[in-house]
Amino acid sequence: LPGFSLLGLIIYVPLTILMANGHRWAIIALMVVYTFEKLWQMSTAEVNEFTIFPIFWLLFILMLLARALQVEGARRRK
């Protein structure tokens, strides 16, 4: 699915750059977009023993993004 890969680049690269520059809304947008992507991936995937991996990735990435949001909040308070 090359079209979906290009769409992913168009969405994730600017959001990641904005997140790295300290925009809180970009972190929140990444959380929403990534959650939607993984939920869509799980809903369209064939159910087997590998179905659980997107859940682990979702939780791991959301944990990292939540920590980034905390860091930005602490930076803002200084």
Side-chain angles (χ1 to χ4, degrees):
L1 299 162
F4 285 115
S5 298
L6 182 60
L7 181 62
L9 283 175
I10 291 170
I11 293 171
Y12 283 114
V13 169
L15 283 176
T16 304
I17 291 169
L18 290 168
M19 181 189 75
N21 289 332
H23 294 279
R24 288 174 51 106
W25 64 267
I27 298 170
I28 295 167
L30 272 170
M31 291 173 127
V32 170
V33 169
Y34 193 74
T35 300
F36 176 74
E37 178 192 349
K38 288 300 165 191
L39 290 175
W40 180 75
Q41 180 184 0
M42 287 185 288
S43 70
T44 59
E46 183 178 315
V47 177
N48 57 30
E49 64 271 8
F50 300 110
T51 307
I52 195 89
F53 288 123
I55 296 169
F56 288 128
W57 274 114
L58 175 63
L59 294 175
F60 178 71
I61 297 297
L62 287 180
M63 180 184 67
L64 293 176
L65 290 173
R67 181 66 183 132
L69 197 56
Q70 287 177 341
V71 169
E72 284 305 317
R75 248 189 226 168
R76 216 176 236 202
R77 285 189 282 273
K78 285 186 177 183

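- A tilted orientation is assigned to the rings of H23 and W25, their planes being inclined by 30° to 60°.
- V71 and L30 are members of different hydrophobic clusters when ILVMFWY side chains are connected at heavy-atom separations under 4.5 Å.
- A chain of hydrophobic side-chain contacts below 4.5 Å, direct or via other Ile, Leu, Val, Met, Phe, Trp or Tyr residues, connects W57 to I27.
- Remark: R67 CZ to E72 CD distance equals 11.0 Å, nearest 0.5 Å.
- For the residue pair L9 and P14, the shortest heavy atom distance occurs at O-CD, 3.7 Å.
- Linking Ile, Leu, Val, Met, Phe, Trp and Tyr residues whenever their side-chain heavy atoms come within less than 4.5 Å leaves F36 and V13 in two separate clusters.
- Between atom CG of residue L58 and atom CG of residue L39 there is a gap of 6.0 Å, rounded to the nearest 0.5 Å.
- Residues I55 and I52 are in side-chain contact: their nearest non-hydrogen atoms beyond the backbone lie under 4.5 Å apart.
- Annotation: the span from T16 atom OG1 to I11 atom CD1 amounts to 11.0 Å, rounded to 0.5 Å.
- Note on I10 and I17: separate hydrophobic clusters, where clusters join Ile, Leu, Val, Met, Phe, Trp and Tyr whose side-chain heavy atoms are under 4.5 Å apart, directly or indirectly.
- The hydrophobic clustering, which links ILVMFWY residues whose side-chain heavy atoms are closer than 4.5 Å, places L18 and L64 together.
- Checked against M19 for a side chain to side chain contact (heavy atoms under 4.5 Å, CB included), the options I28, L65, L69 give a single hit: L65.
- Between the CE atom in M63 and the CE atom in M31 there is a gap of 11.0 Å [rounded to 0.5 Å].
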